[in-house]
Amino acid sequence: MNWTDIHSARAFFSVAVLIFCVFFSPILRWDGILYVNPARSLIIDKDLNTINEDIYYSQPGWNDVSKRSITGRPALFVKYAATPDYTSRGYRHVVFPIGNALIWLPPMSIAHVLTTWTGGFHGRFSPDGFTRPYIVALGLWSFFLAVVGALIAYRFLRLWHSPAVACCAVLFVFATSNLIPFFTADVSFSHVIDFVLINLTAWVCAHVHRNLTGEQPIPDGNHASGPPVQAMLVLAGITCGWAVITRYQDIVLVCVPLVVISLHGLLRHRNQFHPAGSGTHFPVRHLVVFVSSFTLAISLQLVYWIIQFGTIPMSGSTIGTGDLPSFNLLNPQMVAMFFSRFHGLFSWMPWLLPLMLAACLFYRRNRVLGCLFAAVFIAQIYYNATRTEWWNMGFSVRRFSGWILVFMVGAAELFGFVKRRLTRWIGAILGIGIILWHWFFMIHYLMGRHPQGLLSKMLSGTGPYGRDQYGLMIPKLNWFVEGWAGGVSWFQSTAWTAAIWEAWNAGDRVDVLGQAIVYVCFFLGIGMVCRYGTSGKWNGWRVGAIAAVVACAGSAILLIYADLNAENRWFQTIRRGVVTPCHQVLRMNPAIDYTGGNDFVTMDPDGIICHLPPGMRSGSCEWMVGIPVADLPATQPTVEVISPEGVLHRCIGDNPVDSCRRLTRPWGDVHYQHVWYTGSFRVAETVPGSGDWVVRCPGITGAKLAALSYRPDCD
């Protein structure tokens with residue numbers, strides 16, 4: 001069969017749907033919360049002060065790892081320990097770049113409009129930016145961006161390879177990389193955005209280089225003269241700039257277009273390059289266009305810093321780039337980063353090593369781009385090795401998840417040598433086996449059901465345990481059996497398919513119908529993107545350049561408006577880090593030490609009594625209860641919260657007004673022996689101001705209560 005771009009579009013769509021059905025289970029956790037906070041604040045609070053987000057996330061019942069004090073200082077992240085809580089202008093100190101939050105604005109806005117318009121989906125979810133619709137919207141948006149990034153990588157490889165080779169290379173690396181958890185589960189991280197921007201930069205720079213050098217027509221159907229170079233330079237500048245305000249270390253990307261433009265100007269007089277329209281374009285003009293566009297994009301970060309601090313900060317600790325004692329430019333841990341059994345890149349995903357080596361063959365395709373991309377990637381390797389948090393909080397070395405285009409290039413170079421049918425069949429069988437092994441591994445990781453032994457200790461522990469132990473993470477003979485059991489459990493309890501099945505069994509047909517409509521529309525959109533993204537040509541360069549400029553200008557105006565709005569709103573409420581009583585979170589169980597000591601209290605069969613503080617009025621409560629895996633019933637367990645007036649909250653499934661859900665990626669060793677549930681409910685003003693509350697799980701012994709907190713409504 002003669003493989004075409006249409007077949008590639010169908011393959012991309014099929015793999016995307018399969019990954020969605022297997023892995024999609026979005027949550028917010030880790031430092032991804034800090035990426036989303038400004039987006040939520042802009043939409044809901046219409047300012048850039050994230051005190052409300054920090055206070056909300058200080059409730060351990062909301063999510064499984066975010067333990068914070070009332071002022072919002074992260075207790076789990078040592079890297080921010082020395083960072084002041086508030087800036088000189090009274091803003092909450094946010095060290096993460098603003099580019100991520102701006103990209104999260106579309107899904108958060110859509111979710112807010114839908115939640116508000118439907119009345120919180122008939123009272124099920126509050127339109128406050130924290131509830132499930134907002135998380136699902138972030139997940140769908142992140143998944144969409146990942147597919148777009150893969151299609152851009154496909155278009156990049158199509159400049160030199162056939163549709164079959166480009167499609168197989170992209171899909172194999174896409175399905176066997178450490179990127180999947182970040183667009184299906186931990187959807188609020190910056191890695192997917194980084195993946196899209198890096199691929200887009202490479203694709204645009206390749207077109208710029210071809211346009212300036214007047215090379216042969218591009219195999220994807222574009223003319224020899226190529227798209228308008230000025231529009232491409234605008235896109236290159238804005239893409240590079242937005243990559244920098246997404247992850248600061250992406251500043252090295254700027255070298256690629258700068259060298260391409262400068263090299264064209266230096267060698268032009270030697271007739272080594274023969275640009276289309278020779279004599280009408282000048283490198284100085286190209287440099288001005290690129291630098292201006294790049295400055296326009298990074299000005300968003302400068303505006304954000306000025307809003308926060310009143311000036312552009314110069315200290316690395318202030319902006320979160322120099323506050324790690326492990327940051328040592330003279331002692332990079334490259335060997336450990338790649339080959340340590342403790343989250344080592346090639347120890348966990350050994351097939352990436354030959355792909356990285358094969359990427360060197362790209363030098364034969366284009367010497368200039370080959371050398372530039374190699375230099376940029378080596379710079380990233382060196383930088384990541386100097387930051388020893390590469391081992392922490394992520395599937396393998398998560399810092400490389402945005403740079404998997406390098407491995408896709410290597411895969412294309414290797415697959416290009418495969419000509420015989422027998423070799424193709426052997427490669428296909430081997431590739432499917434690697435994909436299954438990788439997916440089972442990720443499922444075990446996401447569920448906390450890691451294989452026993454060294455891996456379990458490394459993943460569940462903290463600190464540098466096992467960092468100097470090298471070797472491949474090769475499973476035992478019975479690992480596939482364990483992997484299959486973990487996959488079945490994942491489908492039954494965690495994946496998107498499980499949520500649909502549970503809602504159907506609970507008799508909530510309206511909810512299932514609504515979800516079906518949303519996901520059908522989403523899949524139709526993915527299908528259209530796959531079909532259009534693999535088509536022969538794209539003539540919207542000027543439109544894209546104009547849209548990018550408008551997006552940057554509009555974002556700057558939005559940030560400035562939020563600052564002006566804040567002057568009239570929240571400066572009167574919060575000054576010098578003093579939180580008004582309206583925002584206080586009351587811990588309703590004094591037996592639990594939320595600062596990191598005794599985090600869990602074992603409940604007896606009759607439940608645990610929580611003393612309610614006086615002066616309670618209308619507000620919201622949150623809880624988190626762990627059920628021992630050994631005692632887990634065949635059906636969903638019931639968690640009851642009994643107020644002085646009687647049963648106030650019952651979960652799971654008995655009260656559709658209240659929201660409750662199962663946690664999928666818990667934190668701490670104790671969680672690995674428990675299945676954790678969390679929920680929230682409203683308290684009316686008619687509830688007495690004092691008394692004893694009881695939390696219990698009927699029929700369950702040994703359950704643990706991790707949180708029961710109350711936050712009064714603000715005036």
S.K.: Can you name the closest pair of heavy atoms from Val147 and Ala16 and give their distance?
M.R.: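 For Val147 and Ala16, the tightest heavy-atom pair comes out as CG2-CB, 4.1 Å.
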S.K.: Say whether, by atom type as modelled, one donor and one acceptor occur between the side chain of Ser292 and the main chain of Val289 under 3.5 angstrom.
M.R.: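 Judged by distance alone, no pair lies under 3.5 Å.
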S.K.: Measure up the Phe339 and Phe346 rings against each other and bin them: parallel (under 30°), tilted (30 to 60°), perpendicular (over 60°).
M.R.: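 Aromatic pair Phe339/Phe346 classed tilted.
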S.K.: Can you classify the ring geometry of Phe373 versus Phe362 as parallel (below 30°), tilted (30 to 60°) or perpendicular (above 60°)?
M.R.: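 Phe373 vs Phe362 ring planes: tilted.
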S.K.: Just so I know, are the side chains of Ile404 and Leu179 near enough to count as touching, which here means a heavy-atom distance under 4.5 Å?
M.R.: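 With C-beta onward as the side chain, the pair touches.
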S.K.: Counting distance only, does the side-chain N/O of Trp160 pair as donor-acceptor with the main-chain N or O of Ala412 below 3.5 Å?
M.R.: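 No, the answer is negative, given that no donor and acceptor are paired below the 3.5 Å cut-off.
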S.K.: Which word best sums up how the rings of Phe377 and Trp403 line up, parallel for under 30°, tilted for 30 to 60°, or perpendicular for over 60°?
M.R.: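 Plane angle between 30° and 60°, so tilted.
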S.K.: Please give me the minimum heavy-atom distance between Ala202 and Phe156, naming the atom from each residue.
M.R.: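 Nearest pair, atom of Ala202 first, then Phe156: O-CE1, 3.5 Å.
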S.K.: Mind checking what makes side chain to side chain contact (heavy atoms under 4.5 Å, CB included) contact with Ala175, not counting sequence neighbours?
M.R.: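 Partners of Ala175 under the side chain to side chain contact (heavy atoms under 4.5 Å, CB included) test: Ile435, Trp439.
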S.K.: What I'd like to find out is whether the side chain of Leu159 reaches to under 4.5 Å of the side chain of His207, using heavy atoms alone.
M.R.: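 Yes, close enough: below the 4.5 Å cut-off.
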S.K.: Could you tell me which residues satisfy salt bridge (charged side-chain N to carboxylate O under 4.0 Å, His left out) with Arg365, sequence neighbours excluded, listed by chain and number?
M.R.: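 By the salt bridge (charged side-chain N to carboxylate O under 4.0 Å, His left out) rule, Arg365 matches Glu413.
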S.K.: Check the angle between the aromatic planes of Tyr248 and Trp305 and answer parallel, tilted or perpendicular using the 30° and 60° thresholds.
M.R.: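 It falls in the tilted class, 30° to 60°.
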S.K.: Mind checking whether Arg155 and Asp5 have side chains closer than 4.5 Å, heavy atoms only?
M.R.: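 Of all side-chain heavy-atom pairs linking Asp5 with Arg155, at least one is under 4.5 Å.
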S.K.: With no hydrogens and no angle check, is any side-chain donor or acceptor of Ser41 less than 3.5 Å from a backbone partner on Asn37?
M.R.: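 No, Ser41 side chain to Asn37 backbone: no donor-acceptor pair under 3.5 Å.
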S.K.: Which heavy atom in Ala359 sits nearest to a heavy atom in Val406, and how many Å separate them?
M.R.: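 So the minimum-distance heavy-atom pair works out to CB-O, 3.6 Å.
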S.K.: Heavy atoms, side chains only, cut-off 4.5 Å: are Leu138 and Pro26 in contact?
M.R.: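 Heavy-atom side-chain distance check fails, nothing below 4.5 Å.
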S.K.: Do Leu48 and Tyr304 have side chains that approach each other closer than 4.5 Å (heavy atoms only, starting at C-beta)?
M.R.: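 Leu48 vs Tyr304: side chains touch.
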S.K.: Can you check whether Val208 reaches Pro257 side chain to side chain, under 4.5 Å on heavy atoms?
M.R.: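 No, their side chains stay 4.5 Å or more apart.
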S.K.: Could I get the full list of side chain to side chain contact (heavy atoms under 4.5 Å, CB included) partners for Val529, not counting sequence neighbours?
M.R.: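 Once residues adjacent in sequence are excluded, the partners of Val529 under the side chain to side chain contact (heavy atoms under 4.5 Å, CB included) criterion are Phe144, Val148, Leu151.
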S.K.: Could you check whether the rings of Phe400 and Phe338 sit parallel, tilted or perpendicular, using 30° and 60° as the cut-offs?
M.R.: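 Taking Phe338 first and then Phe400, their aromatic rings sit tilted (interplane angle of 30° to 60°).
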S.K.: Quick check against the 3.5 Å criterion: does Ser142 have a side-chain atom that pairs as donor or acceptor with the backbone of Phe182?
M.R.: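 Yes, Ser142 side chain to Phe182 backbone: donor-acceptor pair under 3.5 Å.
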S.K.: Please name all residues satisfying side chain to side chain contact (heavy atoms under 4.5 Å, CB included) with Ile560, sequence neighbours left out, ordered by chain then number.
M.R.: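 Partners of Ile560 under the side chain to side chain contact (heavy atoms under 4.5 Å, CB included) test: Val303, Leu564.
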S.K.: So, does Asn178 use its side chain to make a donor-acceptor pair with the main chain of Val397 at under 3.5 Å?
M.R.: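 Yes; at least one donor-acceptor contact below 3.5 Å.
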S.K.: Can Ile312 and Ile306 be said to form a side chain to side chain contact (heavy atoms under 4.5 Å, CB included), step by step?
M.R.: CA-CA 6 Å; Ile312 299 176; Ile306 293 175; 4.1 Å; yes
S.K.: Run Ser555 and Leu559 through side chain to side chain contact (heavy atoms under 4.5 Å, CB included) and show every step you take.
M.R.: CA-CA 6 Å; Ser555 299; Leu559 295 177; 5.5 Å; no
S.K.: Do the ring planes of Phe12 and Tyr154 sit parallel (below 30°), tilted (30 to 60°) or perpendicular (above 60°)?
M.R.: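 If you compare the ring of Phe12 with that of Tyr154, the planes turn out perpendicular.
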S.K.: Is the distance from the ring center of Phe23 to that of Phe143 below 6.0 Å?
M.R.: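 Ring centroids of Phe23 and Phe143 are no less than 6.0 Å from each other.
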S.K.: Any non-hydrogen side-chain atom of Trp3 less than 4.5 Å from a side-chain atom of Ser162?
M.R.: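 Side-chain contact under 4.5 Å: no.
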S.K.: Can you tell me if Asn100 uses its side chain to pair, donor with acceptor, with the backbone of Thr246 under 3.5 Å?
M.R.: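 Judged by distance alone, yes, a pair lies under 3.5 Å.
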S.K.: Look at the rings of Phe294 and Phe290 and say which category their plane angle falls in: under 30° parallel, 30 to 60° tilted, over 60° perpendicular.
M.R.: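 If you compare the ring of Phe294 with that of Phe290, the planes turn out parallel.
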S.K.: State whether the side chain of Arg247 and the backbone N or O of Gly402 hold a donor-acceptor pair below 3.5 Å, judged by distance alone.
M.R.: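 Not confirmed, Arg247 side chain does not pair with Gly402 backbone.
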S.K.: To the nearest 0.5 Å, what is the distance between CD1 (Ile180) and NE2 (His438)?
M.R.: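 Here the rounded value is 5.5 Å.
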S.K.: Could you go through residues 191-199 and list every donor-acceptor pair under 3.5 Å that involves a side-chain atom there, pairing it with any protein atom two or more places apart or in another chain?
M.R.:
from	atom 1	to	atom 2	distance (Å)
His191	ND1	Arg398	O	3.3
His191	ND1	Ser401	OG	3.3
Asn199	ND2	Gly149	O	2.9
Asn199	ND2	Phe195	O	3.4

S.K.: May I have the step-by-step check of side chain to side chain contact (heavy atoms under 4.5 Å, CB included) for Leu105 and Leu558, ending in yes or no?
M.R.: CA-CA 11 Å; Leu105 287 179; Leu558 178 64; 3.5 Å; yes
S.K.: Compare every heavy atom of Ala297 with every heavy atom of Ile245, then report the nearest pair and how far apart it is.
M.R.: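 Where Ile245 meets Ala297 most closely, the heavy atoms are CD1-O, 3.7 Å.
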S.K.: Measure from the side-chain N and O atoms of His7 to the backbone N and O of Thr4, and report whether any donor-acceptor pair falls under 3.5 Å.
M.R.: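 Pair found, side chain donor or acceptor close to backbone of Thr4.
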S.K.: Which residues pass the side chain to side chain contact (heavy atoms under 4.5 Å, CB included) test with Met334, not counting sequence neighbours?
M.R.: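 Met334 satisfies side chain to side chain contact (heavy atoms under 4.5 Å, CB included) with Pro332, Ile381, Tyr382, Ala385 only.
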S.K.: If you count heavy atoms of other groups shown closer than 6.0 angstrom to CZ of Arg367, is the number above 12?
M.R.: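 Incorrect, the count does not exceed 12.
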S.K.: Grab the two heavy atoms, one from Pro97 and one from Gln301, that are nearest each other, plus how far apart they are.
M.R.: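 Residues Pro97 and Gln301, closest heavy atoms: CA-OE1, 3.3 Å.
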S.K.: To the nearest 0.5 Å, what is the distance between CG on Leu233 and CH2 on Trp541?
M.R.: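 Leu233 atom CG to Trp541 atom CH2 measures 10.5 Å (nearest 0.5 Å).
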S.K.: Looking only at atom types and distance, does a side-chain atom of Gln249 sit under 3.5 Å from a main-chain N or O of Ala379, one as donor and one as acceptor?
M.R.: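 A pair under 3.5 Å: no.
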S.K.: Between Tyr35 and Ser190, do the side chains contain a donor N or O and an acceptor N or O under 3.5 Å apart?
M.R.: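 Ser190 vs Tyr35: donor-acceptor pair found between side chains.
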S.K.: What's the verdict on side chain to side chain contact (heavy atoms under 4.5 Å, CB included) for Arg399 and Tyr383, showing C-alpha distance, side-chain angles and the deciding distance?
M.R.: CA-CA 10 Å; Arg399 283 182 174 270; Tyr383 174 80; 3.9 Å; yes
S.K.: Any side-chain to backbone donor/acceptor pair from Arg531 onto Thr534? Under 3.5 Å, distance only.
M.R.: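 Pair absent, no side-chain N/O of Arg531 close to backbone of Thr534.
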S.K.: Quick one: closest heavy-atom pair of Val170 and Ala150, and the distance?
M.R.: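 In this case the closest contact between Val170 and Ala150 is CG1-O, 3.5 Å.
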